[in-house]
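One structure below.
Counting convention: from 1, in listed order, for ligands and their atoms alike. Quick caveat: nothing in here was measured; it's all calculated off a predicted structure.
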Amino acid sequence: MDKRLVIAIDGPAGAGKSTLAKMLAKKLNYTYIDTGAMYRALTLKVLNQNVNFKDIDKIIALANSTIIELVNSPFADQPKVLLDGKDVTKEIRDPLVSQHVSLVAKIPEVRKRMLVLQRRIGENGGVVMDGRDVGTVVLPNADLKFFVTADINSRAERRLKDLLNQGYEVDYESVLEELIERDRIDSNREVAPLRPAEDAIFIDTTGSTIQENLDKIVSYIEKKLIQIEGDN
Ligand code: DC
């Protein structure tokens with residue numbers, strides 16, 4: 001039987017990594033784990049409880065007392081995100097959450113808590129995990145690591161289209177500004193900044209279709225499986 005790989009997919013917001021990771025997991029019949037959704041769920045709780053984003057101690061306490069679950073189902077294209085048992089899959093995509101999530105994700109103690117949860121899910125293999133630090137910190141021994149990028153304008157256009165489709169009233173300028181600010185905080189934080197792993201394979205999605213990029217990733221996976229089989 002084929003070995004069930006651990007696949008890390010990192011990159012900035014809007015580069016198309018979640019779409020690729022989701023499609024890949026479906027194709028391989030692996031579990032898809034969206035680590036960003038976990039930070040988003042906690043951020044939603046901070047917003048719902050009107051906690052000040054400067055109140056780091058309170059946010060850490062919330063992180064340690066919150067139950068976040070990602071529920072995969074073969075019948076849904078999107079795993080469900082449960083926050084303390086409540087389905088928040090849609091709410092965590094709200095632009096207000098996007099604007100604040102990097103402030104929560106840069107707190108070291110919050111990351112520590114998420115790391116434990118993410119490693120627990122990832123360690124058994126058969127997983128595609130997407131995020132910012134999966135290949136560098138969460139699963140440094142992943143079998144394959146991809147770093148998905150795109151130029152800032154196509155990322156903003158993609159994100160704008162997604163949000164308009166979901167019914168949010170947003171404009172290009174505000175989406176662009178949010179992406180730039182999020183990149184800045186995610187790339188400059190002290191713990192686990194957004195960065196490609198040394199052994200990451202770069203996939204630039206600018207100007208190419210999802211299918212082309214998926215095919216590229218699948219060809220790397222096939223090569224890896226052949227190599228593993230040869231080693232055994
Ligand atoms: O992938 P996303 O846009 O839903 O992620 C939301 C935020 O969560 C992102 O701006 C930074 C944070 N994040 C993180 O710090 N580490 C991860 N592994 C995933 C996301």
Open item on the list: Check this for me, if you would: do Glu109 and Lys112 make a salt bridge, where the nitrogen-to-carboxylate-oxygen distance has to be below 4.0 angstrom?
Closed with: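 Between Lys112 and Glu109 there is no salt bridge, as every charged N stays at least 4.0 Å from the carboxylate O atoms.
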
Task: Under-4.0 Å salt bridge between Lys45 and Asp84 - done: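 Salt bridge flag = yes for Asp84 with Lys45.
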
Task: For Glu212, all residues meeting side chain to side chain contact (heavy atoms under 4.5 Å, CB included), sequence neighbours excluded - done: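 In terms of side chain to side chain contact (heavy atoms under 4.5 Å, CB included), with neighbours along the sequence ignored, Glu212 is linked to Ser208, Thr209.
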
When the side chains of residues 195-203 are checked against the rest of the protein, which donor-acceptor pairs come out under 3.5 Å, sequence neighbours left out?
residue : atom : partner : partner atom : Å
Asp199  : OD1  : Lys145  : NZ           : 3.1
Asp199  : OD2  : Lys145  : NZ           : 3.4

TODO: Could you name the protein residues that come within less than 4.0 Å of ligand 1, counting only heavy atoms, and order them by chain and residue number?
DONE: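 Under the 4.0 Å cut-off, ligand 1 touches Lys17, Thr35, Gly36, Tyr39, Arg40, Arg93, Val101, Ser102, Ala105, Arg111, Gly131, Arg132, Asp133, Arg182, Asp186, Arg189.
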
Between side-chain atoms of residues 121-134 and protein atoms elsewhere (two or more places apart, or another chain), which donor-acceptor pairs fall under 3.5 Å?
residue : atom : partner : partner atom : Å
Asp130  : OD2  : Ser18   : OG           : 3.3
Asp130  : OD2  : Tyr32   : OH           : 2.6
Asp133  : OD1  : Arg111  : NH2          : 3.4
Asp133  : OD2  : Arg111  : NH2          : 2.9

Task: Distance-only donor-acceptor check, side chains Tyr30 and Asn72, under 3.5 Å - done: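 No donor-acceptor contact under 3.5 Å links the two side chains.
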
